[in-house]
Amino acid sequence: MEMARVIVDVPSKGTNRPFDYLIPESMRDWIEVGSRVGVPFGHRTVQGFVVSLHDKPEMDISKMKPIQELLDLVPPLPPDLVELASWMSEKYACHEMTALQAMIPSALKGKAERYVSVSEESDLDEEEESDLLLIPKTREEEQWERIIVGFIRQNGPVRMEQLSSRYPEQAGIIKSLIRRGVLQETQNIRDKVQKKTLKTVILNVSENETEQVLQSFSAKARRQKEVLQFLLEMNFPMTLKEVMSVLQVTAGTVKALEEKGYVKIEEVEVFRDPYKGRKFKPTSPLPLTKEQQTVFDSITRGLNTLNYGAYLLHGVTGSGKTEIYLQTIERCLSLGRQAIVMVPEISLTPQMVERFKGRFGSRVAVLHSRLSGGERYDEWRKIREGKVQVAIGARSAVFAPFTNLGLIIMDEEHETSYKQEESPKYHARDVAIKRAHQHGAVVILGSATPSLESYYAARSQSNSEFAPILLEMHSRALGSNLPEVHIIDMRNELRDGNRSMFSRKLHQGIAARLERGEQMVLLLNRRGYSTFVMCRTCGYVASCPECDISLTYHQKSNNMRCHYCGYAAPAPAICPDCGSEHIRYFGTGTQRVEEELAKLFPGIRVIRMDVDTTTEKGSHERLLNQFREKKADVLLGTQMVAKGLDFPDVTLVGVITADSALNLPDFRAAEKTFQLLTQVAGRAGRHHLPGEVFIQSYTPDHYSIIHASRHDYSNFVREELKHRMALSYPPYCRLILVTFSHEKLPLVVRMAENFSTELQAKARKLGWYGGLDRLTSAALEVLGPVASPIPRIKNRYRFQCMIKCRGDIDAVELTKQVASEIENSVHDAHFQISIDVDPQMLM
DNA sequence: AGCACGCCGACT
DNA sequence: GTCGGCGTGCTC
């Protein structure tokens, strides 16, 4: 193959297509689909990915430039992922490069580094007269030229940044020298993270010399002597950092020793292992219950066919889904194939990792967002190089570069965090299904509360791409019963004079648990709220000057920050509007709950988990461990306490306010509430002690609350589907959210309107238009334009249109087309249109 | 995205 | 007369 088509790392609509390059002879054997290359592009060198290879040119060969460099010996992406990226760019209306980039660790996002060296042919003194005439030089300029050329000649190829920081005023002269060919510029792609090395101090004197050497130190070089003695004692190479911190010496001291030749300082490569030193207790398969066995057998039959298959595993909390995952993975591996396990980021706890490492040991790679760039890269390489067969991680683990994939598991498949909110705005579930199709693999979607989309697809078997087979588990693996759930009408509490945030029943429940020494989980459902600063006198709320959103208060630094643009300001002591001192920090409320608990139950030990206490690295894990070790009676927190935690001694779960998420303007509000209540109720009585759940609510008759209290998923779904159908919401239609943004509000509004008009006109022409009546007629509807839920971010105004359409028409393509027309009609590069296919967050 | 090419106002 | 403002158009 002589030429390659390359997607270049210049994400813009003008460059969102492959460019053709010649493959130099020397690279012919190495360049493959998926190779990462450095290519000349315009006046610079950029990184790119080879997406196909060709023999015959499709364009004027003289216009083609050769690939400049091959960046990896093994292509970072196997061909199926390259194909997947192309599919994603279509489905989610994103740039192909953005999709490719999402698949590789950021360590492999190289940027060009510019070097300048002195040309061999050209010489400053022998420049032709004509050049001199064209570029008249002052004496000063001539002097600068000599200085700069001299500097570069002495130092070899010099980095451009180094040059411009050394001679900041002389950019013009450097440019001119390059243009005249006195200097020449080369560009190379350099990876962000390289193999990790540590500066290590190595002793460079033999043992019999040591006495003599130590004697030779003058009294003044006391520190140096200490370092040397220390190294002798340790008799082992120490890292420079260690030496410095143990002996409290500076790097200069060690450097001095190096200059005397007594030690060597070397860069020693280390392999990062985030789980280094941790022992994982090996576990073996547990006996399956009858229900588990049935499910396992079904999936195994699917696995054995080596064909695509999808299963929606609906199992109540505690029904033992994880054990099924483990045993199907085992089976998958025995077939010589690999497996991916996805769990929501928040559930990727050490306990979860432990279960997988315990069963599969070193055959597991863990892709965690908390890993450093380098650690992530190393875990990823283990997968790419076939050193592991199982990858476990959050959303992006779906791209684990296995070549013989047999199984993809998505735990808690209803979780919204599987949808990426930034471009590429993909849903890991769709991607998993696509990848499984590519590989002839099996997908397992597991949840106690499956998303309506998945459940509907399984029930109706209408969506041929997906159509999972429904598998259900109704009982808990350990034989415990689902906890008894009490709904408490808080309106009655108020009527009866109880103004506390705890109902009388919950109060009694807590008191009883304290007496018996059992543990409790308390959930404060405040989704969509965060800590904000408000004046109680005039109602002033501190908000960001650039974005129309209130600032979040951070206790630790006593300042306020904007979630969207990073703007920060100190928290005011008095109201900037009215001067009142009654300024208050309204939080998630967990703090207030904690205070009230302490008042009502003196001596109660509470662990509070919310944004304030879990921002620090590892704090989440630490708090959970403390609770596990029974260092507290109560685990109090927001949504994060509801997820997949398994504490044997928790016998009470209390939901302080069940309905705050219900009132959000989101058609999934009921579904989210049901899921949250069911999940958190599942935390109680998982083992031998029976559990009890108290749900406090001001709308106790809402069907999401009633059905959650009865652990009745199927009746909830029946009712919710009725609503969705009546209002034409997913799964009865598809949504596309189009957002327009620019600094100037009128432009945004006008363009959003143009878009809406134009899209409707085009749809009408295609016969798609005509109201969404129950899918019987062709259907596409444009809602809006309206201001986005956050109408201004980073000083850019935002308007949006929501498109509702039937699942079987390609409205994405039409949307892209119209969006691009609108974009082209605006002569301002700052104007942006963002397309979100199947949006999750509607607020 | 960059970066050069190209056509109209304030200066040595 | 030039330097330079940033509009627009291209990158294999």
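By convention in this document, chain letters (A, B, ...) are assigned in the order of the sequence lines, proteins followed by strands, and residues within each chain are numbered from 1. In this text the structure is predicted, and so the values were computed from the model without any measurement. Hydrogens, waters and symmetry mates play no part in the numbers below; they use all other heavy atoms, side chains included.
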Base-paired stems that DNA chain C participates in, counting runs of 3 or more Watson-Crick or G-U pairs under 3.5 Å
B:1-11 with C:1-11
Using a strict 4.0 Å threshold on nitrogen-to-oxygen distance, state whether A/Asp9 and A/Lys109 make a salt bridge.
yes
What integer distance in Å separates A/Phe19:CZ from C/dC10:P?
12 Å
Which whole-number value in Å describes the distance from A/Arg114 CZ to B/dG2 C1'?
10 Å
Go through it in stages, so that I can follow the logic: the residues are A/Glu379 and A/Tyr377, the test is side-chain hydrogen bond (donor to acceptor under 3.5 Å, both in side chains), and I'd like the CA-CA distance, side-chain angles, deciding distance and then a yes or no.
CA-CA 6 Å; A/Glu379 289 295 295; A/Tyr377 175 45; over 6 Å; no
Can you find a side chain N or O atom of A/Lys63 that sits less than 4.0 Å from OP1 or OP2 on C/dC12?
no
Rounded distance (Å) that lies between atom C1' of C/dC12 and atom CG of A/Leu53
15 Å
Interatomic distance, A/Lys13 NZ vs C/dC10 P [rounded to whole Å]:
13 Å
Less than 5.5 Å between centroids and less than 30° between ring planes, does A/Phe41 satisfy that with C/dT11?
yes
Between A/Ser788 and A/Pro791 (side chain of the first, backbone of the second, donor and acceptor by atom type, cut-off under 3.5 Å), is there such a pair?
no
Rounded to the nearest angstrom, tell me the gap between atom CE in A/Met64 and atom P in C/dT11.
14 Å
Is it true that A/Lys762 and A/Glu758 have a side-chain N and a carboxylate O under 4.0 angstrom from each other?
yes
Which whole-number value in Å describes the distance from A/Ile7 CD1 to C/dT11 P?
16 Å
Do A/Arg17 and A/Phe19 form a cation-pi contact, if we require the NZ or CZ to be under 6.0 Å from the six-membered ring centre and within 45 degrees of the ring's axis?
yes
Heavy-atom nearest nucleotide on DNA chain C for A/His43 versus A/Asp20: which residue maps closer to 5'?
A/His43
d(CG, A/Asp828; P, C/dC6) in whole Å
14 Å
Rounded interatomic separation in angstrom, taking NE2 from A/His830 and C1' from B/dG2:
14 Å
Would you classify A/Pro18 as touching base, sugar-phosphate or nothing, given that sugar-phosphate means primed atoms plus P, OP1 and OP2, and contacts are heavy atoms under 4.0 Å?
nothing
Within the 4.5 Å heavy-atom criterion, are A/Arg734 and A/Val812 side-chain neighbours or not?
yes
Is there a donor-acceptor pair under 3.5 Å between the side chain of A/Asp72 and the backbone N or O of A/Val74?
no
